[in-house]
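Residue numbers begin at 1 in each chain, while the letters A, B, ... track the order of the sequences. Predicted model only: the values in this text are computed from it and were never measured.
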There are 2 protein chains.
Amino acid sequence: MKTGRKTSRKTRGQASADPFTDRQEDRIHGNPGPQTTEQAIMAAAEELFLEKGYDRATTVMIAGKAGVTHAMLHYYFRTKEHIFMKVLEKILEELMQSFRPVMLREGAFWDTLEKGISTHFDFLASHPRFAFFLYDTVVHNPELIDRMKEKFMPVIMKILAFHIGRIREESEKGSIRSVDPVQLVMDIATLNLSTFLLLPVAAGFSSGMADAGWMREFLDIRKAEIIALIKSRLYGDI
Amino acid sequence: MKTGRKTSRKTRGQASADPFTDRQEDRIHGNPGPQTTEQAIMAAAEELFLEKGYDRATTVMIAGKAGVTHAMLHYYFRTKEHIFMKVLEKILEELMQSFRPVMLREGAFWDTLEKGISTHFDFLASHPRFAFFLYDTVVHNPELIDRMKEKFMPVIMKILAFHIGRIREESEKGSIRSVDPVQLVMDIATLNLSTFLLLPVAAGFSSGMADAGWMREFLDIRKAEIIALIKSRLYGDI
DNA sequence: ATTAGTATTAACAGAGCTGTTAAATAACAT
DNA sequence: ATGTTATTTAACAGCTCTGTTAATACTAAT
């Protein structure tokens, strides 16, 4: 045992021969069992990038969590930036998906808007680190976001334009109070986002955060409060 | 010229002999002129920590901005953490100071609250990087905040308790709508903070951000909107 | 002018991080 | 079995960052 290699080698499904050209497509289909090394690394990367952001999630940590050497990360994804982009793309894709249903609703104005607020909030709740992750990336590695912009900006703009347009109509019609539609959308976005941005801080304040149910309860209250805020802004009453 | 030293050496006022024990107190008094090296480093550190946060503001950069070698930073402050704590303390002190006047007002409820919102907002506006800086530190280097907690937590709690108490009174008295005081304070804090947290993002969206006056105008509108939101939440009307 | 103490620098040490590579091992086709 | 290819590892190279140190320049007091 000259090299000091670990005794047992884990056996995973094999990934494609040359990961960069994807020559062989011998991926296992619906197999829920043992991941390929490539998948294990992706999963670990997603977890760690969300938890720590780009800079503080090191390739060594990611590989460690996936149970391999960090050389494997470079073997399959070549650079840290590469794998980060894959993770980012995946997460943004989920965000877009979660908004699709809202866009199709053409019901009463307030119902649609409330549903939009609620959907946005629920998406963030089901990805509690997303707000932090996105903010951290925008602030510290904006160039990584920039490369995604052309792909996702149009969708975001469409969603914003949709709601802004409807708010403007109602405002002109006089069925809601006169508001600046852009400001109202900003109200909603910042209230929702900052709930999750500041969640760790809020947890620190909460003395009884020992119990697991705390967060669920807190988020329910918070969501109701945000909706009440916006509704009273638009209608006066609740 | 064996050592390759720079030709002209800058002459600054001298700081104390042994900076750690402060043996000599030969600091220049009201002198607004040339800073001591120590002061130059502090000023550069404050600027860079606010701009980039703890991790990305390197000792080399700070010293460079102050016009000296990074060895000087360690000479005067021993470690990066030391100088950071000094900067943090200074900034938090300013924050506390800015709140003092609000605490003394005992006028009508809404006037006091509006003044509180406005003061908080204006403080953030006059330190546009403060929200980012604090958030970045809480998230990435919480241990640095922890060491400040015992000093500043009581003051923060007092301010919060003051407003929460008054909101609760009014709510029970029936002069405002029934609200959860904690949620309302959270509404205010997150609306104000996130305005500045997301300022860079907002600037990116704003097409006409070329003109310098943009930010001033944006912040005025935003502040009015936040106050309107809270007021309509409490009173229905505006 | 000499000297003692202060301020400053260049150079280096040590740590952690990303990315590369040669060699070892496993899987597989023949 | 044998050879070919895919996977994996250990070791290392190069970079950046913090902190230290020995040597040098400056200042002021005598």
Which of these nucleotides, D:dT9, D:dT18, C:dT8, is closest to any side-chain atom of A:Ala71?
D:dT9
Proximal nucleotide (of D:dT7, C:dT21, C:dA7) relative to the A:Met72 side chain:
D:dT7
Between A:Phe133 and A:Phe130, how do the two ring planes meet: parallel, tilted or perpendicular, split at 30° and 60°?
tilted
Under 4.0 Å between a side-chain nitrogen and a carboxylate oxygen: does that hold for A:Glu46 and A:Lys86?
no
In whole angstroms, the gap separating P of D:dT18 from CG of B:Leu48 amounts to 12 Å
For the pair A:Glu217 and A:Arg222, find out whether any cationic side-chain nitrogen is under 4.0 Å from an anionic carboxylate oxygen.
no
Interatomic distance where CZ belongs to B:Arg78 and C1' belongs to D:dT21 [whole Å]:
16 Å
Distance test, side-chain N/O of A:Tyr75 to OP1/OP2 of D:dT8, below 4.0 Å:
no
Output the rounded distance in Å from CD1 (B:Ile41) to P (C:dA7).
11 Å
Walk me through it: do B:Phe49 and B:Ile83 pass the test side-chain contact (heavy atoms from CB on, under 4.5 Å)?
CA-CA 10 Å; B:Phe49 280 137; B:Ile83 191 172; 4.1 Å; yes
Run the numbers on B:Thr195 and A:Thr190 for side-chain contact (heavy atoms from CB on, under 4.5 Å), then give the verdict.
CA-CA 7 Å; B:Thr195 296; A:Thr190 59; 6.0 Å; no
Strictly below 4.0 Å: does B:Thr79 bring a side-chain N or O up to OP1 or OP2 of D:dT18?
no
Steps toward side-chain contact (heavy atoms from CB on, under 4.5 Å) verdict (B:Phe77, B:Glu38)
CA-CA 9 Å; B:Phe77 300 95; B:Glu38 193 177 350; 3.8 Å; yes
Provide, to the nearest angstrom, the distance between the CZ atom belonging to B:Phe77 and the P atom belonging to C:dT8.
12 Å
Polar atom pairs between nucleotides 14-17 of chain C and protein, under 3.5 Å, N or O only, would you list them?
none

Would you write out the dot-bracket form of DNA chain C, 5' to 3', with Watson-Crick and G-U pairs under 3.5 Å, [ ] for crossing pairs, | for pairs to other strands and . for unpaired bases?
||||||||||||||||||||||||||||||
Could you give the OH-to-P distance, from A:Tyr54 to C:dT18, as a whole number of Å?
8 Å
Distance, rounded to the nearest Å, where B:Glu81 contributes CD and D:dG19 contributes P:
8 Å
Could you tell me how far apart B:His70 (NE2) and D:dT21 (P) are, to the nearest whole angstrom?
13 Å
Count the heavy atoms of every other residue, nucleotide or ligand shown that sit under 6.0 Å from NZ of B:Lys223, and state whether that count exceeds 12.
yes
So, using salt bridge (Lys or Arg N to Asp or Glu O under 4.0 Å) as the criterion, who are the partners of A:Glu47 when residues are at least two apart?
A:Lys65
Pair A:Lys149 + A:Glu143, salt bridge at N-O below 4.0 Å
no
In whole Å, what is the span from the OH atom of A:Tyr76 to the C1' atom of C:dT20?
17 Å
